[in-house]
Structure formats: C-alpha cells, structure tokens
Amino acid sequence: MRAPEGLAGSAASGSSTANFALLAIDAKSFFTLTIVIMNTSRSYRMTARAEATARTRRRILQAAFDLSHEKMSLEIVLSDVAERAGVSVQTLLRHFGSRDGLFDALDQFARDEVTDERATPVGDAEAALDVIVEHYERRGDMVLRLLAQEFSDERARAISERGRLSHRKWVEQVFAPQLEPHPVDAHDMLTDLLVVATDIYTWKLLRRDQGLERDVARMRVMYLIGAILASAPKGQ
C-alpha cells in the first residue's frame, strides 16, 4: 500500500516524528485556546449579568427613594415601587425578599445619598450653609414627612434619631475650627446653638412657614451663625 503523499514525503526526508509532534502541539494549543475563549466568554457573561443586576437593584431603590418624597413610608406599596422602577413585583422580591428587606436597603441607600450631598469643607461657614440649604431644598419636605411619622412608625423613629445624631456630628466637624478658639466648657452650648441654627425646623420656619425666599432665609441663618460664634459665651 502506498503511503499518503504528505506522509511519504515526510518519511523520505526523515522528519515524520517532528511532523507528528507539531500536530500534537497544534492540537493542544487549539484546545487550550478554546478553553481560554470559553472562560473569557463565560466571565464576560457573568460580569454583564452582575452589572445588569446591580443596575436593576439601584433602579428599584431610586424608585422607592423618589416615592418617599411624595408619600408617607407606610403608604408606599411594592406595586408602586415596581411600577416606578419599570419592573415586576416578582423581580423586586427576588432582589430584596420582602417589603422590610427593601426598606432596610433603602435606609442605607438614602444614608449614602445624604452623606454625599452634605459633604462640606471643614471650617468654611459660608460653604457649609450653602450645602445644608441646598440639601434642605432638595430633601427638606421628605425629611419633615419622615419626622411626622416617628411616633407612629418604629423605622421612621430610628431613622430620625440617627439623623439627629448625624446632624450634630456634622456641625461638630464642620465648625470645629470656629469652635476651637472658644473656651472648652462653652463648646457644647455653642454646638447646641449651631445645631438649632442649621436644623431642618429652622429651614421650615423660614422657608415654609414664613415663605421667605431662599436667599433671604439663607441670610437669616448666616446671621444666626455669625451671632453665635461671635458671642463666645462661657459654659452653662
């Protein structure tokens, strides 16, 4: 029997072993390349799926956050959130498990949003006032709605209490350079007064109750802050 032309030629040149080795190497390389491509493709699909899941989750949380600007928290139902987010209730539940799970996640989502909005240069009273006024203009009515629920809703009470502590900490940090020259035993009282001057209820009194323009209300609060820091009272 006559050998195939290619193999016969190889045999004649004494290199058939090398050719078979190359074929084996090529087959192995092809197999390895195929595995790499498959793994890369699988990794890409997993990454894309994770990103899509994260986007859906954030869209649901944003929808719930937006609704909290319009309704009391007890009035917000899952079907409203799902409709606003453009998903089904079943999809919402797959992400959060229950209404409580959604609102637990929303609590953290809202905290992150508020923390970013209230980021302020330390020691700059003018910038601090601009930041807090802008925050109240965006979120003030929602915060007031939440505060109105704290005696009837355990979750609202916990969030409100945490918000009060957070606001005091913000005042202590932002106004630390202005407080430092005053007697140490006056710091608590000065902080109390600065908390009042920059509190949501002060904004409500000026903007909602008295109907002052934003810039006018801001000037009133700036005057309060200046008077507090200039007074340098002794500890009470």
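For the pair R84 (side chain) and A63 (backbone), a donor-acceptor distance under 3.5 Å is absent. In terms of modelled atom types and a separation under 3.5 Å, the side chain of Q178 and the main chain of L229 share no donor-acceptor contact. Using modelled atom types, no side-chain atom of S166 and backbone atom of G163 make a donor-acceptor pair closer than 3.5 Å. Remark: side-chain polar atoms of T56 are not paired, donor with acceptor, to backbone N or O of A54 under 3.5 angstrom.
Y136 and H167 have tilted rings, their planes meeting at an angle from 30° to 60° on a 0 to 90° scale.
With salt bridges taken as basic N to acidic carboxylate O contacts below 4.0 Å, none links E137 and R218. With respect to R155 and E150, no salt bridge is recorded, no charged nitrogen being found less than 4.0 Å from a carboxylate O. Between E161 and R164 there is a salt bridge, with a side-chain nitrogen of the basic residue lying less than 4.0 Å from a carboxylate oxygen of the acidic one.
R157 and S160 are not linked by any side-chain donor-acceptor pair at a separation below 3.5 angstrom, with hydrogens and angles left out of the test. A donor-acceptor contact closer than 3.5 angstrom links the side chains of R139 and H69. For Q108 and D112, the side-chain atoms include at least one donor-acceptor pair closer than 3.5 Å.
Looking at heavy atoms from C-beta onward, V122 lies out of side-chain contact with F175 at the 4.5 angstrom threshold.
Both tests pass for R99 against the ring of F103: distance under 6.0 Å to the centre and angle within 45° of the axis.
Exactly one of R58, R118, R138 qualifies for a salt bridge (Lys or Arg N to Asp or Glu O under 4.0 Å) with E113. That residue is R58.
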